[in-house]
Amino acid sequence: MQRLNAMPLSDGTDIAPRVAGLNERYRHHAATAVMERALRDPDVGNVALVSSFGAESVVLLHMVSVIAPGTPVLFIDTQMLFPETLAYQRDVASKLGLTNVQVIQADEAAIARDDPDGTLHQYSTDACCTLRKTVPLENALSGYDAWITGRKRFQGGQRAALDFFEIETDSRMKINPLAHWDKQDVQDYMVENRLPRHPLVAQGYPSIGCAPCTSPVKPGEDERAGRWRGAAKTECGIHFIGGKAVRVNSEGQVIENKENVA
């Protein structure tokens with residue numbers, strides 16, 4: 001069902017009881033049911049799907065396209081993505097009939113000031129992610145009460161007990177429709193619905209980020225081994241907790257706190 005004229009919640013009520021109530025209400029629902037209800041439940045508010053259009057992104061994109069194709073889809077174009085990702089984004093949006101894909105980029109003045117020659121990633125990957133992904137994403141989410149993610153319990157760490165709904169800040173929540181899915185569930189859904197695959201997956205890229213910081217994965221390596229290869233950094237997944245940005249590792253564990261840069 002298409003959600004119409006959704007507006008941010010502004011009554012100032014505590015988000016914790018709403019999140020607890022949503023989890024209790026939908027704890028026995030399947031992923032598609034959680035997605036459908038989240039897009040029209042007044043306790044959720046105004047919702048966007050944040051998508052990288054990466055290796056597994058098409059699952060949530062397909063669900064949204066079936067339930068409410070006009071749902072805002074926020075695509076962060078870091079301006080360092082593979083050409084294949086940009087082409088895949090356009091192809092998937094067209095094939096699925098997504099009518100509200102919003103391409104988000106960093107402020108031009110900020111790029112000119114902090115990374116004028118495009119080499120920031122060579123000596124500070126964290127600063128590059130903050131400039132090109134974290135700040136633009138937080139700015140884009142400022143008008144929403146909730147956003148949909150593809151996080152799953154099987155990814156481990158803090159995600160092992162992941163609920164469908166979780167508190168992000170005192171005014172915004174995350175929705176995790178795939179929280180209970182495993183790797184095979186994702187693959188089965190893609191096959192059953194004949195969804196288009198990211199072209200780089202067949203070339204040895206099971207996890208796809210920016211071109212300068214992503215390399216092919218060798219047989220037997222972890223799926224994320226090609227991300228920031230040779231560096232201690234393992235995750236660009238920056239989440240906002242309590243109004244501050246935090247970086248988490250591949251197990252979902254907080255490894256670094258940052259001041260809120262929004």
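From a predicted model like this one, the values you see are computed outputs, not experimental measurements.
Residue Leu131 is not grouped with residue Val50 when hydrophobic side chains (ILVMFWY) are merged at heavy-atom distances under 4.5 angstrom, including chains of intermediate members. Tracing side-chain contacts under 4.5 Å through hydrophobic residues (I, L, V, M, F, W, Y), one never reaches Val201 starting from Val59; they form parts of separate clusters. No continuous path of ILVMFWY side-chain contacts below 4.5 Å connects Val58 to Phe82, so the two sit in separate hydrophobic clusters. Under a hydrophobic clustering in which Ile, Leu, Val, Met, Phe, Trp and Tyr are joined whenever their side-chain heavy atoms come within less than 4.5 Å, directly or via other members, Leu178 and Val191 fall into different clusters. Taken together through direct or relayed side-chain contacts under 4.5 Å among Ile, Leu, Val, Met, Phe, Trp and Tyr, Val34 and Val186 form part of one hydrophobic cluster.
Minimum heavy-atom separation, Trp181 to Ala31: NE1-CB, 3.5 Å. Taking all atoms of both residues into account, the shortest heavy-atom contact from Met190 to Ala55 is CE-O, 3.8 Å. Contact between Ile15 and Ser171 at its shortest, heavy atoms only, is CD1-C, 3.9 Å. Taking both residues in full, the closest heavy atoms of Ser57 and Ser51 are given as CB-OG, 3.5 Å, listed atom of the first, atom of the second, then distance. Nearest heavy atom pair, residue Met63 against residue Tyr189, reads CG-OH, 3.4 Å. Across all non-hydrogen atoms, the minimal contact from Ile175 to Ala38 is CD1-CB, 3.9 Å.
A donor-acceptor contact shorter than 3.5 Å links the side chain of Asp77 to the backbone of Gln79. Proximity of a side-chain donor or acceptor of Asp182 to a complementary backbone N or O of Gln184 within less than 3.5 Å is detected. Of the possible polar contacts, one joining the Ser124 side chain to the Ala127 backbone as a donor-acceptor pair under 3.5 Å is found. A donor-acceptor pair under 3.5 Å links the side-chain atoms of Thr99 to the main chain of Pro69, judged by distance alone.
A salt bridge does not link Glu166 to Arg172: none of the charged side-chain nitrogens sits closer than 4.0 Å to a carboxylate oxygen. Look at Asp185 and Lys152 and you find no salt bridge, because none of the NZ, NE, NH1 or NH2 atoms lies under 4.0 Å from a carboxylate O. The existence of a salt bridge linking Arg27 and Asp163 is excluded, since no basic side-chain nitrogen approaches an acidic carboxylate oxygen closer than 4.0 Å. Salt bridge Asp43/Arg25: present, at least one basic N to carboxylate O contact under 4.0 Å. Ion pairing between a basic and an acidic side chain is recognised when a charged N comes within 4.0 Å of a carboxylate O; Lys183 and Glu56 show such pairing.
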Legend entry - Verdict with reasoning, Leu141 to Leu74, per side-chain contact (heavy atoms from CB on, under 4.5 Å): CA-CA 9 Å; Leu141 286 171; Leu74 308 183; 3.8 Å; yes
Inset, instruction - Step by step, work out the side-chain contact (heavy atoms from CB on, under 4.5 Å) result for Met173 and Glu168. - result: CA-CA 5 Å; Met173 69 179 74; Glu168 182 186 29; 5.8 Å; no
Legend entry - Pair Asp145-Val47, side-chain contact (heavy atoms from CB on, under 4.5 Å): steps then yes or no: CA-CA 6 Å; Asp145 301 300; Val47 183; over 6 Å; no
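Side-chain contact check for Phe53 versus Val92: some heavy-atom pair is nearer than 4.5 Å. Proximity of Arg132 to Gln105: side-chain heavy atoms (C-beta onward) are nowhere separated by under 4.5 Å. Contact of the Phe75 side chain with the Leu81 side chain is registered, since non-hydrogen atoms from C-beta on lie closer than 4.5 Å. Side-chain contact between Ile104 and Leu137 is absent, with no heavy atoms from C-beta onward closer than 4.5 Å. Side-chain atoms of Met80 and Asp115, non-hydrogen and from C-beta on, do get closer than 4.5 Å to each other.
Exactly one residue among Thr32, Leu60, Val64 makes a side-chain contact (heavy atoms from CB on, under 4.5 Å) with Pro177. That residue is Leu60.
Separation of atoms OH (Tyr88) and NZ (Lys95) is listed at 9.0 Å; rounding is to 0.5 Å. Atom CZ of Arg37 sits about 12.5 Å away from atom CG of Leu22, to the nearest 0.5 Å. Remark: Leu49 CG to Thr149 OG1 distance equals 9.0 Å, nearest 0.5 Å. Note that OG1 of Thr85 and CG of Leu200 are 5.5 Å apart. Values are rounded to the nearest 0.5 Å. In this structure, CD1 in Ile148 is found 6.5 Å from OG1 in Thr71, a value given to the nearest 0.5 Å. To the nearest 0.5 Å, atoms CG (Asp126) and NE2 (His121) are separated by 14.0 Å.
For His180 and Phe164, the ring centers sit closer than 6.0 Å to each other. Checked against the 6.0 Å centroid criterion, the rings of Tyr205 and His198 do not qualify as a close aromatic pair.
Between the side chains of Asp91 and Gln89, no donor N or O sits under 3.5 Å from an acceptor N or O.
Taking the six-membered ring where tryptophan is involved, the planes of Tyr26 and Phe165 are tilted, since the angle between them lies from 30° to 60°.
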Throw together a table of side-chain donor-acceptor distances under 3.5 angstrom for residues 213-220, partners on residues two or more places apart or in other chains.
residue	atom	partner	partner atom	Å
Thr214	OG1	Gly209	N	3.3
Thr214	OG1	Cys210	O	2.8
Ser215	OG	Gly226	O	3.4
Ser215	OG	Arg229	NE	2.9

